[in-house]
Amino acid sequence: MVELKPIQIDGRTFTAVTVQLPKTNLLMITSDKGYIMCGALDVALLNEKLKDRGIVAGRAVGVKTLQELLDAPLESITAGAEELGVTKGMSGKDALLYM
């Protein structure tokens with residue numbers, strides 16, 4: 001099952017996506033510039049092989065719900081996210097506000 005829903009953070013609307021898979025879930029929250037995602041996100045791939053795209057993204061590991069994704073510190077970020085002011089260790093919620 002795939003679930004899409006809007007999430008409000010400080011007056012801004014983001015889109016939350018949950019994809020239920022066998023034995024795991026994929027969690028993403030996206031803005032108009034970038035997104036944060038669960039541990040399935042391959043930040044190294046985005047920074048190395050897709051560098052020319054300037055993808056703005058952050059990864060939080062060990063999260064099982066959208067709220068945990070918002071609260072968790074980002075374990076890794078893309079170069080594009082860093083250019084916007086996002087830093088490693090920043091909460092997902094705070095990172096989204098930069099995006």
Looking only at heavy atoms, which two atoms of Arg12 and Asp32 are closest? And how far apart? NH2-OD1, 4.3 Å
Output for pair (Lys49 NZ, Asp42 CG), nearest 0.5 Å, gives 10.0 Å
Would you kindly confirm whether Phe14 and Met99 end up in one hydrophobic cluster when ILVMFWY residues are joined by side chain heavy atoms under 4.5 Å apart? yes
Co-membership, hydrophobic cluster, residues Leu45 and Leu74, 4.5 Å side-chain: no
At what distance, to the nearest 0.5 angstrom, does OG of Ser76 lie from CG of Asn47? 8.5 Å
Distance col, row Tyr98:OH vs Lys33:NZ, nearest 0.5 angstrom, shows 12.0 Å
Are Met37 and Val43 linked, directly or through other ILVMFWY residues, by side chains that come within less than 4.5 angstrom of each other? yes
Quick one: CD1 on Ile55 to CG on Leu50, what's the gap to the nearest 0.5 Å? 5.0 Å
Salt bridge (charged side-chain N to carboxylate O under 4.0 Å, His left out): which pairs involve residues 85-98, sequence neighbours left out? none
Hey, can you pull the donor-acceptor pairs under 3.5 Å for the side chains in residues 18-30, sequence neighbours left out?
{"residue": "Thr30", "atom": "OG1", "partner": "Gly34", "partner atom": "O", "Å": "3.2"}

Hey, could you give me the CE/CD1 distance between Met90 and Ile36, rounded to the nearest 0.5 Å? 11.5 Å
Contacts under 3.5 angstrom, residues 56-73 side chains, donor-acceptor by atom type, not counting sequence neighbours:
{"residue": "Arg59", "atom": "NE", "partner": "Glu75", "partner atom": "OE1", "Å": "3.1"}
{"residue": "Arg59", "atom": "NH1", "partner": "Leu41", "partner atom": "O", "Å": "3.2"}
{"residue": "Thr65", "atom": "OG1", "partner": "Glu68", "partner atom": "N", "Å": "3.0"}
{"residue": "Gln67", "atom": "NE2", "partner": "Asp71", "partner atom": "OD1", "Å": "3.1"}
{"residue": "Gln67", "atom": "NE2", "partner": "Asp71", "partner atom": "OD2", "Å": "3.2"}
{"residue": "Glu68", "atom": "OE1", "partner": "Lys64", "partner atom": "N", "Å": "2.6"}

What are the two closest non-hydrogen atoms of Asp10 and Leu97, and how far apart are they? OD2-CD1, 3.3 Å
